[in-house]
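Naming: A, B, ... by sequence-line order, numbering from 1 per chain.
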Amino acid sequence: MESSSFPDLNLIPFLKLEPKTEPDDPAEPALGPACPLEPAPPPPPPPLTQNPNPSPDHGSLLSPELHTPLQALSPNPDEEALFAEYYRLAHLFLSAAAAGGRGVIVPASGAGGGGGRDPLSIVPAPASGPGAGAIVVQQKKRKARSSEMVRVSSLGVRDQIYFRDLVRRARITYESLRSLLIREEEKAEALGLLGRRTRADLRAAALMANRELWLNRDKRIIGTIPGIGVGDAFFFRMELCVLGLHGQVQAGIDYVSASRSASGEPVATSIIVSGGYEDDDDKGDVLIYTGHGGRDQKLNKHCVDQRLEGGNLALERSMAYGIEIRVIRGVKSDKSPTGKIYFYDGLYKVVEYWFDSGKSGFGVYKYKMLRIEGQEEMGSVNLRIAENLKVNPLGVKPTGYLSLDMSLGKETFPVMLFNDIDNDQEPLLFEYLPRPIFPASALQGKFAYGGGGCECSTNCSIGCFCAERNGGEFPYDNNGILLRGKPLIFECGPFCRCPPSCPNRVSQKGVRNRFEVFRSKETGWGVRSLDVIRAGTFVCEFSGFVLTKQQSDVLAMNGESLVYPNRFPSRWQEWGDISDVIPDYVPPNFPLLPDLGFSIDVSRARNVACYLSHSCSPNVFVQFVLFDHYNASYPHLMIFATENIPPFRELSIDYGVVDECVGKLMLESSH
DNA sequence: GACCCTTCATGGAG
DNA sequence: CCTCCATGAAGGGT
């Protein structure tokens, strides 16, 4: 290729940013505003990366707009009120219908045209037709994506945490909305009011779009998206759009179009490899990617030659300019509601392209892409390794395993112990205790709190004793995913009549994933999973000998290793929070938690949870749960995922340690 | 800006 | 399990 005839990369108005120099300011908290350990007013943006060429047009890439899409909105109060009203009405209609009414929610457009302004509306209608009963989101017109191309150079630790939290918040909002919409439809369906299910993944995105909550639309980012790391896992294509990782709903190649690019040529930004094209040849680091087009709409067969246009041309141009491209792989998995998990696998460059005859006999463009070296391992690769490891651990890693099940069969799934960096075998010295042991005094007479359990002969349903005990709604969805964090959750217990299959029995069933306690240079002992853990799923319980406050005080003086439940920040508040979209979506009345004075002694017996590392930007959190006894002063410390956690990624929790960003809970600090 | 067109989704039915 | 198919929405192209 005569790449020398192409304009230099600098002609493309990418904004090159210098890495921020970490200000070692001891007066500032180590994490500054990026680490909100306690509820605080919205943090000011962290110090920005230096922009060498400030200009009124570009400004800093990390301008306030980019930093604060969640806060910097100017919410329209009318619209907020409208939306709140919408939800109030939706519930009214559903409950009216439950009481024998005929109220149905239909799209505004189907109810007489007009009213294009309103994002939503509800009208009573006969319960018939395919659209009946669905909660429909009418989308507002919005500005097109920006065509200003920028590249983000390496961010400081603080900025990384800031953007990570920003992305996590958007993802929680998205997933919580999706889940809420599904539940609302299930209610309508149970009442026989729903004609057909709609696409909750699309509607959740639409709700966020109406509130300008999609990220990274004001710049077209080439390369790494702040807050999204190599290996991150996603379950819906639409979520990739919401985050700005890949802006095409279905198309595999995302690019800045020629007409909008400063150089007049298209530039590719990201591709998705999903196994849909028969001529792809995916070897991981080396990828032969097929261009788009030339296929019959119905069958996925090629029927005409592809042409060098659109995304195909963009890939060719990106090769000519040497521009890196984000690669996302769609991997088949039965762990995903869509049957696919999308992994962000990092940056690649196109090194070669050619026109070839495809397997169907028609011409296709092929692009040889090489993965840029020095990046984290790919999520899709880790998934494969982990699958093999589960089947044949010693075949995959002949050395390093100290135990294939350090729980000795006490957990529902084996917990492996791995160390390939030093001779430390410490976890083997402790008795493995899968469940906490409560002091008898704490449980005296507390088993049948609130009149015992429910009387349900089958799985519990709305309105039953246990639902009421949880404030009128069940804490989990049908897949056992926690809907929203609460101060305290009541699962069904031994005093309930409902069967073990009741969806209100989740964390009591114990570990559902294959975990590995492993040794690392950075965090000492840590925990990782061989399974993909979906956000909101139960991870494990924090076990040990539970001590009363009096016992804790005594043992603390002896220097024992105690974990204090009340020191965990209330991270449960973040999970299920949709206040960015529905400001006054009030949670049902929760039971309030009394002050927790107890502690857990892990100096003699412990479980996998004890090896979780600390982080101020954690991927798991503590949720208090009661089920086997109902003494609210001694809840179980159940741990749930707040992000999708890919295989081999270290699990981390916020212990409430303020003096250290990423460090280990100082359990053995006395040594 | 209004269409039209394409697109490695998705969920359900068969 | 697979294949079909209706529905769907973003964004490029005209």
Qualifying residue, where the test is side chain to side chain contact (heavy atoms under 4.5 Å, CB included) with A:Ile325 and the options are A:Thr269, A:Val350, A:Leu347, A:Ile372: A:Val350

Would you mind reading off the distance between [X] atom [atom1] and [N] atom [atom2], rounded to a whole angstrom?
| X | N | atom1 | atom2 | answer |
| --- | --- | --- | --- | --- |
| A:Leu202 | C:dG11 | CG | C1' | 15 Å |
| A:Tyr367 | B:dC8 | OH | P | 13 Å |
| A:Glu239 | B:dA9 | CD | P | 15 Å |
| A:Arg260 | C:dT14 | CZ | C1' | 15 Å |
| A:Asp296 | B:dC8 | CG | C1' | 15 Å |
| A:Gln248 | B:dC8 | CD | P | 10 Å |
| A:Phe236 | B:dG11 | CZ | P | 5 Å |
| A:Arg295 | B:dT6 | CZ | P | 13 Å |

Does the side chain of A:Thr537 pick up a donor-acceptor pair with the side chain of A:Arg512 at under 3.5 Å? no

Using a distance-only test with no angle check, is there a side-chain donor-acceptor pair under 3.5 angstrom linking A:Ser579 and A:Asp577? yes

As a test of reading the structure: which of [options] is closest to the side chain of [X], going by heavy atoms?
| X | options | value |
| --- | --- | --- |
| A:Arg199 | C:dG12, C:dA10, B:dG11 | B:dG11 |
| A:Lys141 | B:dA2, B:dG11, C:dG13 | B:dA2 |
| A:Arg197 | B:dG12, C:dG11, B:dC8 | B:dG12 |

Base, sugar-phosphate or nothing for [X]? Non-hydrogen atoms, less than 4.0 Å.
| X | result |
| --- | --- |
| A:Arg307 | nothing |
| A:Gly330 | nothing |
| A:Pro266 | nothing |
| A:Asp254 | nothing |
| A:Tyr342 | sugar-phosphate |
| A:Gly293 | sugar-phosphate |
| A:Arg237 | sugar-phosphate |

Can you find a side chain N or O atom of A:Ser274 that sits less than 4.0 Å from OP1 or OP2 on B:dA9? yes

Presence of A:Ser257 side-chain N/O under 4.0 Å of C:dG13 phosphate oxygens OP1/OP2: yes

Could you please name the partner base of B:dC8, counting Watson-Crick and G-U wobble pairs only when both distances are under 3.5 Å? none

Carboxylate-amine/guanidinium proximity below 4.0 Å for A:Glu387 and A:Arg384: no

Taking only residues two or more places apart in sequence or in another chain, which ones pass side chain to side chain contact (heavy atoms under 4.5 Å, CB included) with A:Ala205? A:Tyr174, A:Trp214, A:Met238, A:Val242

Quick one: which residue pairs count as a salt bridge (Lys or Arg N to Asp or Glu O under 4.0 Å) with a foot in residues 302-311 of chain A, not counting sequence neighbours? A:Arg307-A:Glu309

